[in-house]
*Asks:* 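Pasting a structure here, questions to come.
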Protein chains: 2
Amino acid sequence: MTRILVVEDNPDLAYGLRNNLEIEGYQVEVADDGTKGLARARDGRPDLIILDLMLPGMDGFRVLRALREAGRTMPVLILTARGEEADKVRGLRLGADDYVTKPFGVLELLARVEALLRRAAPPLPGGNGGPPPERFGDVEVIPASRTVLRGGQSVPLTPKEFDLLVALLRRRGAVVTRLDLLREVWGYSAEVLSRTVDTHVAELRRKLENDPAAPRHILTVRKSGYRLER
Amino acid sequence: MTRILVVEDNPDLAYGLRNNLEIEGYQVEVADDGTKGLARARDGRPDLIILDLMLPGMDGFRVLRALREAGRTMPVLILTARGEEADKVRGLRLGADDYVTKPFGVLELLARVEALLRRAAPPLPGGNGGPPPERFGDVEVIPASRTVLRGGQSVPLTPKEFDLLVALLRRRGAVVTRLDLLREVWGYSAEVLSRTVDTHVAELRRKLENDPAAPRHILTVRKSGYRLER
DNA sequence: GGCGGTCTGACGGTTTGCTGACAATCTCCG
DNA sequence: CGGAGATTGTCAGCAAACCGTCAGACCGCC
């Protein structure tokens, strides 16, 4: 089983990450400061590390450098605060493999984690390339390349639209509330409460439904949310 | 056993919540002000907290913040008064996981509690996805998708109709009084005294019974209420 | 500076829910 | 058996809730 180490001092965030990663089938360990994080990383040799740069005690940069100096080469994904452009660069120079800017959508992070692991894993002969494409109606969603085909034709979706579609797809057949969608697509702290979700759903319908006014797959469940049907 | 802490100063409401939650099999503790609530939450570490925002002494916001600052990450469901839109947002920003607007139907609250616990629960591989479908006659009720099938065909129900049906289903075989239904579906401050329930029952019969005038499943119990039979 | 992507608030259409009057039915009892 | 009273069923109209839509603002990026 793939093991992931999360080095994050904010309990809420750590909790949310653990949950979502575990749902995806990873084995998760959390360290809430830099020192512990480094110890666990050296000791436990996880397959991937999610590392907040802003940490009490030993900060993320030092953890990362120490880790690389100790010869550990597992992929590291760093979490940076918005606008800390310099931090990203510095992190990447120190040997991070990717970064995500807070606040981030869970799906974005999951996608990047998956990408890093796929890149790191030696492609097994006969192994497939990540999760299989999902289909509904005449639409095919290929997570690995963030591509959507409709009747074999590529449909350009914006990032938000794609994430929203995946979020609905992950719980296909079940009602997904607007709040859930906000959490999963927009970020761990839902702060958008207006017609945002509806607008994006409308756009998805326009691009993926034959008759957007009478959708057959992306359905409205009044008073509850939305539901995706094959 | 799953333990839930209810922080609510209104005794009637607290009592009602305790009752209903206990019927669902939860172990319930009640705190009637913010200070006690915080203490019990930190001390007892319940699996979930239902938190009224409007509290004497230390209000819900402060409880929530203090709780999160103390590193407690259990899901919190907040109760807000209708129209206090800003409160919802503020609550969510402070780390609440969901909210319910007063007055609320007990069933709605129970559904949300269940959803939060399911999300927090360790994802058993091969675990199912929520409660199984219920059947009576040729009718199948699927809570997860808020869908009703009749003879395999989807029957569109309005939100109230669906909730009402679930309420009857929960006590299948037993008489459910109009007052119970009002409490569970409409809200604890049941102020609808006219033919509301009957109207909705009639609509359910029209949609789900072969002969709505001689119902075989959604039965009237004169002077008492209604009863649902397989 | 233009452009695509995103978010928001206002607006309007449609659905849904509620109500109260009236009709139908049941129960009890003379 | 018949009738009064109590209880439930039905209906249509109104009001509110809810969602889809859109234009405009904003913002980061080329």
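Here is how names work: the chains are called A, B, and so on, in the same order as the sequence lines, proteins then strands, and each is numbered from 1. Keep in mind that this is a model prediction, so the values were computed, not measured.
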*Asks:* Tell me the bend of the helix from dG1(C)-dC30(D) to dG30(C)-dC1(D) as the angle between end helix axes, each from five pairs, rounded to the nearest 10 degrees.
*Replies:* 20°
*Asks:* A quick test of your reading: do over 12 heavy atoms of other residues, nucleotides or ligands sit less than 6.0 Å from CZ of Arg230(A)?
*Replies:* no
*Asks:* Between Trp186(B) and dG17(C), is there a contact of a side-chain N or O with OP1 or OP2 at under 4.0 Å?
*Replies:* no
*Asks:* Looking at DNA chain C, which of residues 154-172 of chain A put a heavy atom within less than 4.0 Å of it?
*Replies:* Thr158(A), Pro159(A), Lys160(A)
*Asks:* Between the side chains of Tyr99(B) and Asp87(B), is a donor N or O closer than 3.5 angstrom to an acceptor N or O?
*Replies:* no
*Asks:* When you measure from the side chain of Glu161(B) to the backbone N and O of Thr158(B), does any donor-acceptor pair fall under 3.5 Å?
*Replies:* yes
*Asks:* Quiz question: by atom type and distance under 3.5 Å, do the side chains of Arg183(B) and Thr177(B) form a donor-acceptor pair?
*Replies:* no
*Asks:* Can you confirm if the NZ or CZ of Arg172(B) lies within 45° of the ring axis of Phe136(B) and under 6.0 Å from the centre of its six-membered ring?
*Replies:* no
*Asks:* Would you say the side chains of Ser224(A) and Arg146(B) form a donor-acceptor pair under 3.5 Å?
*Replies:* yes
*Asks:* Please state how far atom CG in Leu219(A) lies from atom P in dC19(D), giving the value in whole angstrom units.
*Replies:* 14 Å
*Asks:* Quick one: what's the B/S/- string for nucleotides 22-30 of chain C, heavy-atom cutoff under 4.0 Å, read 5' to 3'?
*Replies:* ---BBS---
*Asks:* If only side-chain N and O atoms count, and only distance matters, is there a donor-acceptor pair under 3.5 Å linking Asp198(A) with Tyr226(A)?
*Replies:* yes
*Asks:* Considering only heavy atoms from C-beta outward, does the side chain of Met74(B) approach that of Tyr15(A) to under 4.5 Å?
*Replies:* no
*Asks:* Which whole-number value in Å describes the distance from Arg146(B) CZ to dT16(C) P?
*Replies:* 12 Å
*Asks:* Checking the side chain of Asp59(B) only, and the main-chain atoms of Arg62(B) only, is there a donor and an acceptor separated by less than 3.5 Å?
*Replies:* yes
*Asks:* Should we count CZ of Arg216(B) as having more than 12 external heavy atoms under 6.0 Å?
*Replies:* no
*Asks:* Going by number, which of residues 223-230 of chain A have a non-hydrogen atom under 4.0 Å from DNA chain D?
*Replies:* Lys223(A), Tyr226(A)
*Asks:* Check step by step if salt bridge (charged side-chain N to carboxylate O under 4.0 Å, His left out) holds for Arg227(A) and Glu229(A).
*Replies:* CA-CA 7 Å; Arg227(A) 175 163 54 96; Glu229(A) 290 284 351; 2.4 Å; yes
*Asks:* Take atom CE in Met54(B); do more than 12 heavy atoms of anything else shown fall under 6.0 Å from it?
*Replies:* no
*Asks:* Going by heavy atoms closer than 4.0 Å, what residues in residues 197-214 of chain A are next to DNA chain D?
*Replies:* Asp198(A), Thr199(A), Ala202(A), Arg205(A)
*Asks:* Decide side-chain contact (heavy atoms from CB on, under 4.5 Å) for Leu79(B) and Leu51(B); before the verdict, give the C-alpha distance in whole Å, the side-chain angles of both, and the deciding distance to 0.1 Å.
*Replies:* CA-CA 6 Å; Leu79(B) 306 180; Leu51(B) 176 65; over 6 Å; no
*Asks:* Ignoring hydrogens and angles, write down the donor-acceptor pairs under 3.5 Å from the side chains of residues 147-157 of chain A, residues two or more places apart or on other chains.
*Replies:*
residue   : atom : partner   : partner atom : Å
Thr147(A) : OG1  : Ser145(A) : O            : 3.0
Thr147(A) : OG1  : Ser145(A) : OG           : 2.7
Arg150(A) : NH1  : Lys207(A) : O            : 3.2
Arg150(A) : NH2  : Asn210(A) : OD1          : 2.7

*Asks:* More than 12 non-hydrogen atoms from neighbouring residues, nucleotides or ligands closer than 6.0 Å to CZ on Arg135(A), yes or no?
*Replies:* yes
*Asks:* In terms of side-chain heavy atoms of Ser194(B), which of dT19(C), dT8(C), dC19(D) is nearest?
*Replies:* dT19(C)
